Amino acid sequence: MTPCISQVTTLPGSFADDAADYPAGGCRALEVWLTKLEQHLEAVSAEDTLLALADRGLKLVAAGYQGGLLLSQGEQRKAHFEHFKRRLALCERFTIPTLLLVADFARAPEASDLARAVVSLAQAAQWAAGFGVRIALEFRGADAFCASLDTAVTLVEQCGEPNAGICLDVFHFYKGSSKTEDLERLTPANLFHVQVCDVAGVPRELMTDSDRVMPGDGDFRLQPVIQRLNEIGYAGAVSLELMNPILWSLKATQVTELGMAALSRLLT
(Lines give C-alpha, C1' and ligand atoms only; values in the text may rest on other atoms or scores of the structure.)
Protein backbone atom coordinates (compact mmCIF):
# COMPACT_ATOMS: atom_id res chain seq x y z
CA MET A 1 0.00 0.00 0.00
CA THR A 2 1.14 3.51 -0.82
CA PRO A 3 0.66 6.15 1.89
CA CYS A 4 -0.35 9.52 0.48
CA ILE A 5 -1.98 12.77 1.53
CA SER A 6 -4.95 14.58 0.02
CA GLN A 7 -4.47 18.26 -0.73
CA VAL A 8 -7.63 19.12 1.21
CA THR A 9 -5.59 18.30 4.32
CA THR A 10 -3.62 21.49 3.60
CA LEU A 11 -6.44 23.33 1.85
CA PRO A 12 -5.20 26.93 2.37
CA GLY A 13 -1.99 26.19 0.47
CA SER A 14 -1.71 26.45 -3.30
CA PHE A 15 -0.81 23.57 -5.59
CA ALA A 16 2.73 24.94 -5.83
CA ASP A 17 2.94 25.21 -2.03
CA ASP A 18 1.91 21.60 -1.61
CA ALA A 19 4.29 20.43 -4.33
CA ALA A 20 7.13 21.91 -2.27
CA ASP A 21 5.87 21.20 1.26
CA TYR A 22 4.78 17.56 0.85
CA PRO A 23 8.21 16.19 -0.14
CA ALA A 24 9.79 18.34 2.59
CA GLY A 25 7.48 16.61 5.06
CA GLY A 26 8.27 13.13 3.75
CA CYS A 27 5.31 12.59 1.40
CA ARG A 28 5.95 11.54 -2.21
CA ALA A 29 2.39 10.56 -3.21
CA LEU A 30 -0.33 13.17 -3.54
CA GLU A 31 -4.10 13.03 -3.94
CA VAL A 32 -4.87 16.07 -6.07
CA TRP A 33 -7.59 18.54 -5.22
CA LEU A 34 -8.50 19.42 -8.80
CA THR A 35 -9.55 22.99 -8.06
CA LYS A 36 -6.01 23.70 -6.83
CA LEU A 37 -4.46 22.24 -9.96
CA GLU A 38 -6.86 24.09 -12.24
CA GLN A 39 -6.10 27.40 -10.52
CA HIS A 40 -2.37 26.68 -10.69
CA LEU A 41 -2.52 26.09 -14.43
CA GLU A 42 -3.97 29.56 -14.98
CA ALA A 43 -0.49 30.95 -14.31
CA VAL A 44 1.91 28.04 -14.86
CA SER A 45 2.11 25.76 -17.89
CA ALA A 46 1.41 22.04 -17.66
CA GLU A 47 4.92 21.35 -18.97
CA ASP A 48 6.59 23.38 -16.22
CA THR A 49 4.33 21.85 -13.60
CA LEU A 50 5.19 18.32 -14.71
CA LEU A 51 8.89 19.15 -14.60
CA ALA A 52 8.57 20.52 -11.06
CA LEU A 53 6.71 17.39 -9.92
CA ALA A 54 9.35 15.14 -11.47
CA ASP A 55 12.18 17.12 -9.89
CA ARG A 56 10.62 16.62 -6.47
CA GLY A 57 9.77 12.96 -7.00
CA LEU A 58 6.05 13.56 -6.48
CA LYS A 59 3.52 11.07 -7.84
CA LEU A 60 -0.10 12.06 -8.41
CA VAL A 61 -2.08 8.96 -7.45
CA ALA A 62 -5.70 10.19 -7.59
CA ALA A 63 -7.78 13.33 -8.09
CA GLY A 64 -10.96 14.55 -6.44
CA TYR A 65 -13.61 15.03 -7.12
CA GLN A 66 -16.36 14.97 -9.74
CA GLY A 67 -20.07 15.13 -8.98
CA GLY A 68 -23.36 15.59 -10.79
CA LEU A 69 -23.09 12.66 -13.18
CA LEU A 70 -25.39 9.98 -11.79
CA LEU A 71 -28.83 11.54 -11.41
CA SER A 72 -28.76 14.83 -13.33
CA GLN A 73 -30.83 15.21 -16.49
CA GLY A 74 -31.19 17.56 -19.45
CA GLU A 75 -29.00 20.64 -19.67
CA GLN A 76 -27.69 20.09 -16.15
CA ARG A 77 -26.46 16.64 -17.12
CA LYS A 78 -24.83 18.01 -20.27
CA ALA A 79 -22.95 20.65 -18.25
CA HIS A 80 -21.74 18.12 -15.69
CA PHE A 81 -20.46 15.75 -18.36
CA GLU A 82 -18.64 18.57 -20.18
CA HIS A 83 -16.92 19.46 -16.91
CA PHE A 84 -16.14 15.79 -16.38
CA LYS A 85 -14.51 15.49 -19.80
CA ARG A 86 -12.29 18.51 -19.13
CA ARG A 87 -11.15 16.94 -15.89
CA LEU A 88 -10.52 13.61 -17.58
CA ALA A 89 -8.25 15.41 -20.06
CA LEU A 90 -6.42 16.98 -17.11
CA CYS A 91 -5.97 13.58 -15.48
CA GLU A 92 -4.65 12.16 -18.74
CA ARG A 93 -2.19 15.05 -19.13
CA PHE A 94 -0.82 14.56 -15.62
CA THR A 95 -1.00 10.75 -15.69
CA ILE A 96 -3.41 10.67 -12.75
CA PRO A 97 -4.80 7.13 -12.86
CA THR A 98 -7.95 7.55 -10.75
CA LEU A 99 -10.65 10.22 -10.63
CA LEU A 100 -12.91 10.20 -7.58
CA LEU A 101 -16.63 10.41 -8.26
CA VAL A 102 -19.36 11.27 -5.76
CA ALA A 103 -23.06 10.55 -6.11
CA ASP A 104 -25.47 13.43 -6.73
CA PHE A 105 -27.27 14.98 -3.79
CA ALA A 106 -30.86 13.72 -3.58
CA ARG A 107 -33.36 14.71 -0.91
CA ALA A 108 -35.86 11.94 -1.64
CA PRO A 109 -34.42 9.27 -3.96
CA GLU A 110 -36.85 7.20 -5.95
CA ALA A 111 -36.61 3.60 -7.11
CA SER A 112 -35.84 4.79 -10.63
CA ASP A 113 -32.75 6.61 -9.36
CA LEU A 114 -30.85 3.36 -8.95
CA ALA A 115 -31.39 2.35 -12.58
CA ARG A 116 -30.50 5.86 -13.80
CA ALA A 117 -27.35 5.89 -11.67
CA VAL A 118 -26.21 2.52 -13.03
CA VAL A 119 -26.58 3.69 -16.64
CA SER A 120 -24.87 7.01 -15.93
CA LEU A 121 -22.01 5.34 -14.06
CA ALA A 122 -21.44 3.01 -17.00
CA GLN A 123 -21.39 5.96 -19.41
CA ALA A 124 -18.97 7.87 -17.18
CA ALA A 125 -16.69 4.84 -17.00
CA GLN A 126 -16.73 4.46 -20.77
CA TRP A 127 -15.76 8.11 -21.23
CA ALA A 128 -13.01 7.76 -18.62
CA ALA A 129 -11.63 4.66 -20.33
CA GLY A 130 -11.05 6.72 -23.45
CA PHE A 131 -8.67 8.90 -21.43
CA GLY A 132 -6.98 5.96 -19.71
CA VAL A 133 -8.54 6.90 -16.35
CA ARG A 134 -10.37 4.83 -13.74
CA ILE A 135 -13.30 6.28 -11.77
CA ALA A 136 -13.75 5.49 -8.08
CA LEU A 137 -17.25 5.98 -6.68
CA GLU A 138 -17.35 7.40 -3.14
CA PHE A 139 -20.42 6.87 -0.97
CA ARG A 140 -21.27 9.56 1.61
CA GLY A 141 -22.70 8.51 4.92
CA ALA A 142 -25.10 11.42 5.50
CA ASP A 143 -26.55 11.53 1.98
CA ALA A 144 -29.95 10.19 0.99
CA PHE A 145 -28.58 8.31 -2.03
CA CYS A 146 -25.52 6.05 -2.21
CA ALA A 147 -24.83 6.45 1.51
CA SER A 148 -23.30 3.03 2.19
CA LEU A 149 -20.48 0.84 0.95
CA ASP A 150 -23.00 -1.87 0.10
CA THR A 151 -24.94 0.40 -2.27
CA ALA A 152 -21.77 1.76 -3.89
CA VAL A 153 -20.50 -1.76 -4.61
CA THR A 154 -23.89 -2.71 -6.04
CA LEU A 155 -23.84 0.27 -8.42
CA VAL A 156 -20.32 -0.59 -9.56
CA GLU A 157 -21.17 -4.25 -10.08
CA GLN A 158 -24.34 -3.49 -12.04
CA CYS A 159 -22.66 -0.95 -14.31
CA GLY A 160 -20.33 -3.71 -15.48
CA GLU A 161 -17.39 -1.51 -16.49
CA PRO A 162 -13.93 -2.73 -15.39
CA ASN A 163 -12.57 0.79 -14.85
CA ALA A 164 -15.38 1.70 -12.40
CA GLY A 165 -14.59 0.91 -8.78
CA ILE A 166 -14.88 2.05 -5.18
CA CYS A 167 -13.33 4.84 -3.14
CA LEU A 168 -13.54 3.76 0.51
CA ASP A 169 -13.55 6.76 2.86
CA VAL A 170 -13.55 5.49 6.44
CA PHE A 171 -15.24 8.70 7.64
CA HIS A 172 -18.31 7.94 5.55
CA PHE A 173 -18.06 4.24 6.36
CA TYR A 174 -18.53 5.01 10.06
CA LYS A 175 -20.76 8.06 9.60
CA GLY A 176 -23.42 6.18 7.68
CA SER A 177 -25.18 2.84 7.64
CA SER A 178 -22.28 0.71 6.38
CA LYS A 179 -21.51 -2.43 8.36
CA THR A 180 -18.24 -4.25 8.98
CA GLU A 181 -19.49 -7.21 6.97
CA ASP A 182 -19.85 -4.91 3.95
CA LEU A 183 -16.05 -4.89 3.78
CA GLU A 184 -16.27 -8.47 2.54
CA ARG A 185 -17.62 -7.10 -0.76
CA LEU A 186 -14.32 -5.34 -1.44
CA THR A 187 -11.98 -7.12 -3.85
CA PRO A 188 -8.72 -6.34 -5.65
CA ALA A 189 -10.83 -5.71 -8.76
CA ASN A 190 -13.27 -3.18 -7.31
CA LEU A 191 -11.31 -1.23 -4.67
CA PHE A 192 -9.51 1.65 -6.40
CA HIS A 193 -8.73 4.13 -3.60
CA VAL A 194 -8.84 4.42 0.21
CA GLN A 195 -9.12 7.56 2.37
CA VAL A 196 -8.47 7.45 6.12
CA CYS A 197 -8.96 9.68 9.15
CA ASP A 198 -10.36 9.39 12.66
CA VAL A 199 -12.91 11.19 14.85
CA ALA A 200 -12.73 11.58 18.62
CA GLY A 201 -15.65 11.90 21.03
CA VAL A 202 -18.35 12.91 18.54
CA PRO A 203 -21.48 10.76 17.92
CA ARG A 204 -21.81 9.68 14.30
CA GLU A 205 -25.07 11.65 13.95
CA LEU A 206 -23.22 14.89 14.80
CA MET A 207 -19.75 14.43 13.35
CA THR A 208 -18.80 16.53 10.35
CA ASP A 209 -15.77 16.69 8.07
CA SER A 210 -14.21 19.35 10.31
CA ASP A 211 -14.07 16.77 13.14
CA ARG A 212 -11.58 14.62 11.23
CA VAL A 213 -8.29 13.98 13.07
CA MET A 214 -5.21 11.86 12.46
CA PRO A 215 -5.76 8.08 12.31
CA GLY A 216 -5.22 6.62 15.77
CA ASP A 217 -6.23 9.82 17.59
CA GLY A 218 -9.94 9.01 17.67
CA ASP A 219 -12.56 6.32 18.17
CA PHE A 220 -12.84 4.65 14.76
CA ARG A 221 -12.13 0.92 14.63
CA LEU A 222 -9.64 1.14 11.77
CA GLN A 223 -8.06 -2.28 12.15
CA PRO A 224 -10.97 -4.21 10.54
CA VAL A 225 -10.53 -1.99 7.49
CA ILE A 226 -6.77 -2.50 7.33
CA GLN A 227 -7.23 -6.22 7.91
CA ARG A 228 -9.55 -6.43 4.90
CA LEU A 229 -7.11 -4.45 2.75
CA ASN A 230 -4.39 -6.94 3.68
CA GLU A 231 -6.68 -9.92 3.04
CA ILE A 232 -7.41 -8.85 -0.54
CA GLY A 233 -3.84 -7.77 -1.21
CA TYR A 234 -4.78 -4.15 -1.82
CA ALA A 235 -1.75 -2.43 -3.32
CA GLY A 236 -3.18 1.02 -4.04
CA ALA A 237 -3.02 4.34 -2.24
CA VAL A 238 -4.16 4.95 1.32
CA SER A 239 -4.75 8.69 1.52
CA LEU A 240 -4.93 10.90 4.59
CA GLU A 241 -7.97 13.15 4.06
CA LEU A 242 -8.61 15.74 6.77
CA MET A 243 -10.69 18.92 6.56
CA ASN A 244 -9.80 20.16 10.02
CA PRO A 245 -9.52 23.97 10.41
CA ILE A 246 -7.05 23.51 13.28
CA LEU A 247 -4.67 21.62 10.99
CA TRP A 248 -5.21 24.21 8.25
CA SER A 249 -3.70 26.80 10.61
CA LEU A 250 -0.44 24.84 11.01
CA LYS A 251 2.56 24.74 8.70
CA ALA A 252 1.96 22.30 5.86
CA THR A 253 5.31 20.59 6.43
CA GLN A 254 4.33 19.94 10.05
CA VAL A 255 0.95 18.52 9.03
CA THR A 256 2.64 16.36 6.42
CA GLU A 257 5.18 14.98 8.89
CA LEU A 258 2.45 14.19 11.43
CA GLY A 259 0.28 12.64 8.73
CA MET A 260 2.98 10.40 7.33
CA ALA A 261 3.84 9.20 10.86
CA ALA A 262 0.17 8.39 11.52
CA LEU A 263 -0.13 6.52 8.21
CA SER A 264 3.03 4.54 9.00
CA ARG A 265 1.61 3.44 12.36
CA LEU A 266 -1.69 2.50 10.77
CA LEU A 267 -0.28 0.46 7.90
CA THR A 268 2.51 -1.41 9.74
Side-chain angles (χ1 to χ4, degrees), residues 1-67 83-84 86-102 128 131-136 138 167 169 192-197 209-210 212-215 235-264 266-267:
M1 290 181 270
T2 301
C4 81
I5 297 180
S6 166
Q7 286 187 287
V8 298
T9 304
T10 55
L11 191 62
S14 67
F15 186 89
D17 291 335
D18 294 342
D21 292 336
Y22 280 34
C27 178
R28 299 288 177 180
L30 186 153
E31 179 190 313
V32 178
W33 187 247
L34 282 170
T35 301
K36 285 193 181 189
L37 179 56
E38 289 161 343
Q39 291 172 345
H40 174 79
L41 293 174
E42 292 174 2
V44 182
S45 71
E47 292 76 12
D48 287 344
T49 302
L50 286 165
L51 284 173
L53 292 171
D55 287 344
R56 291 164 181 156
L58 261 178
K59 183 178 181 181
L60 309 184
V61 298
Y65 62 87
Q66 180 67 43
H83 188 219
F84 175 54
R86 290 193 295 271
R87 287 190 152 176
L88 286 174
L90 196 58
C91 289
E92 181 181 41
R93 183 71 180 88
F94 282 85
T95 323
I96 303 171
T98 304
L99 175 59
L100 310 183
L101 181 75
V102 295
F131 291 85
V133 176
R134 306 185 306 175
I135 55 174
E138 178 179 330
C167 171
D169 184 337
F192 288 0
H193 193 64
V194 177
Q195 295 169 328
V196 294
C197 67
D209 281 322
S210 63
R212 294 180 184 228
V213 296
M214 295 287 177
V238 176
S239 179
L240 179 71
E241 187 188 47
L242 307 178
M243 298 85 151
N244 190 316
I246 295 175
L247 293 176
W248 288 344
S249 68
L250 302 178
K251 290 182 179 180
T253 51
Q254 182 181 1
V255 174
T256 303
E257 290 172 358
L258 292 171
M260 293 303 291
L263 287 171
S264 178
L266 178 66
L267 300 178

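Positions are given from 1 along the sequence. Because the structure is a prediction, the values reported are computed rather than measured.
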Exercise. Does a donor on one side chain sit under 3.5 Å from an acceptor on the other, for E138 and H193?
Worked result: no
Exercise. Are the side chain of T256 and the backbone of A252 linked by a donor-acceptor contact shorter than 3.5 Å?
Worked result: yes
Problem set entry | R87 side chain vs A63 backbone, donor-acceptor pair below 3.5 Å | no
Exercise. Backbone N or O of D48 within a donor-acceptor pair of the S45 side chain at under 3.5 Å?
Worked result: yes
Problem set entry | Student check: side-chain heavy atoms of M243 and L11 closer than 4.5 Å | no
Seminar exercise, completed: Taken to the nearest 0.5 Å, the spacing of L99 CG from F131 CZ works out to 11.0 Å
Exercise. Going by atom types alone, do Y22 and T253 pair a side-chain donor with an acceptor below 3.5 Å?
Worked result: no
Exercise. Which side chain to side chain donor-acceptor pair (under 3.5 Å) pairs, counting each pair once, include a residue from residues 50-60, with sequence neighbours left out?
Worked result: none
Exercise. Does E47 pair with R93 as a salt bridge, N-O distance under 4.0 Å?
Worked result: yes
Exercise. Would you say L266 and V196 make side-chain contact, with heavy atoms under 4.5 Å?
Worked result: yes
For this session: Could you tell me which non-hydrogen atom of K36 sits nearest to which non-hydrogen atom of S14, and how far apart they are?
Result: CD-C, 4.3 Å
For this session: Go through the steps for T98 and V133 under the test side-chain contact (heavy atoms from CB on, under 4.5 Å), then give the verdict.
Result: CA-CA 6 Å; T98 304; V133 176; 5.9 Å; no
Problem set entry | Steps toward side-chain contact (heavy atoms from CB on, under 4.5 Å) verdict (L90, I96) | CA-CA 8 Å; L90 196 58; I96 303 171; 5.9 Å; no
Exercise. Nearest heavy-atom pair of V61 and A237: which atoms, and what distance?
Worked result: CG2-CB, 3.9 Å
For this session: Given salt bridge (charged side-chain N to carboxylate O under 4.0 Å, His left out), test D169 with R212 step by step and report yes or no.
Result: CA-CA 12 Å; D169 184 337; R212 294 180 184 228; 3.0 Å; yes
Exercise. Would you say the side chain of L58 lies within less than 4.5 Å of the side chain of P23, judging by non-hydrogen atoms?
Worked result: yes
Problem set entry | Side-chain (T10) to main-chain (G13) donor-acceptor, under 3.5 angstrom | no
For this session: Report the distance from atom CG of L50 to atom OG1 of T95, rounding to the nearest 0.5 Å.
Result: 7.0 Å
For this session: With rounding to the nearest 0.5 Å, note down the distance linking SG in C4 to CG in L263.
Result: 8.0 Å
For this session: Step by step, work out the side-chain contact (heavy atoms from CB on, under 4.5 Å) result for L37 and F94.
Result: CA-CA 10 Å; L37 179 56; F94 282 85; 4.2 Å; yes
Problem set entry | Reported OH-to-OG distance for the pair Y65 and S6, which is rounded to 0.5 angstrom | 11.5 Å
Problem set entry | Non-hydrogen side-chain atoms of L242 and L240 separated by less than 4.5 Å | yes
Problem set entry | Closest heavy-atom pair and its distance - A128, F84 | CB-CZ, 4.4 Å
Exercise. Looking at CG of L100 and CD of E31, how far apart are the two atoms once the value is rounded to the nearest 0.5 Å?
Worked result: 5.0 Å
Problem set entry | Short side-chain to backbone donor-acceptor contact, S239 and E241, under 3.5 Å | no
Exercise. Taking C-beta and beyond as the side chain, do L41 and E38 meet within less than 4.5 Å on heavy atoms?
Worked result: no
For this session: Kindly compute the distance separating CZ (R28) from OG1 (T2), expressed to the nearest 0.5 Å.
Result: 14.0 Å
For this session: Determine whether L267 and V238 make a side-chain contact, defined as any pair of heavy atoms from C-beta on separated by less than 4.5 Å.
Result: yes
Problem set entry | Close side-chain approach of F15 and W33, heavy atoms under 4.5 Å | no
Exercise. Can you tell if the side chain of Q7 reaches within under 4.5 Å of the side chain of L30, non-hydrogen atoms only?
Worked result: yes
Exercise. Taking it one step at a time, do Q195 and C167 satisfy side-chain contact (heavy atoms from CB on, under 4.5 Å)?
Worked result: CA-CA 7 Å; Q195 295 169 328; C167 171; 3.6 Å; yes
Problem set entry | Polar side chain donor-acceptor pair, T49 to H40, under 3.5 angstrom | yes
